[in-house]
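The basis for the numbers below is simple: all heavy atoms, side chains too, and nothing from hydrogens, waters or symmetry mates.
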Amino acid sequence: MARRIRSDCKIGTIEKRNGIPNAIFKPNGKNARSDMNLGTLRKLFEKSK
């Protein structure tokens, strides 16, 4: 089972660590800001369901 990334980590840090620049998007299809927390992005996805 893969480890879950902490929710207080920034999107920019995740992209840099995994080598995937500009690859994380919001539910509406726009690129997520690099200073947004992962927990906030998860909440957006839960709201959009």
Side-chain angles (χ1 to χ4, degrees):
M1 188 167 132
R3 284 183 59 165
R4 187 172 174 153
I5 301 172
R6 290 175 47 154
S7 62
D8 64 341
C9 191
K10 304 279 184 195
I11 299 294
T13 306
I14 296 167
E15 290 176 339
K16 187 186 290 185
R17 186 184 308 153
N18 294 320
I20 48 171
N22 301 324
I24 299 177
F25 296 94
K26 293 181 186 177
N28 61 4
K30 292 184 180 179
N31 195 5
R33 291 177 42 162
S34 63
D35 62 342
M36 178 185 282
N37 284 336
L38 184 61
T40 308
L41 189 64
R42 286 179 179 156
K43 286 179 188 176
L44 286 174
F45 272 99
E46 285 297 318
K47 247 188 204 181
S48 68
K49 287 184 179 180

Rounded distance [0.5 Å steps], [atom1] in [X] versus [atom2] in [Y]:
X   : Y   : atom1 : atom2 : result
I14 : I5  : CD1   : CD1   : 4.5 Å
N37 : S7  : CG    : OG    : 7.5 Å
N31 : M36 : CG    : CE    : 10.0 Å
E15 : S34 : CD    : OG    : 7.5 Å
T40 : K26 : OG1   : NZ    : 10.5 Å

Considering residues at least two apart in sequence or located in another chain, which fulfil the salt bridge (Lys or Arg N to Asp or Glu O under 4.0 Å) criterion with K49? E46

With sequence neighbours excluded, residues passing salt bridge (Lys or Arg N to Asp or Glu O under 4.0 Å) with R6: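 Only D8 meet the salt bridge (Lys or Arg N to Asp or Glu O under 4.0 Å) criterion with R6.
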
Determine whether more than 12 heavy atoms belonging to other residues, nucleotides or ligands lie under 6.0 Å from atom CZ of R42.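 Yes, CZ of R42 has more than 12 neighbouring heavy atoms, counting only those of other groups under 6.0 Å.
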
Taking I11 as the starting point, is it possible to reach F25 by hopping between hydrophobic residues whose side chains are less than 4.5 Å apart? no

Judged by atom type as modelled, is there a donor-acceptor pair below 3.5 Å linking the side chain of N18 to the main-chain atoms of I20? no

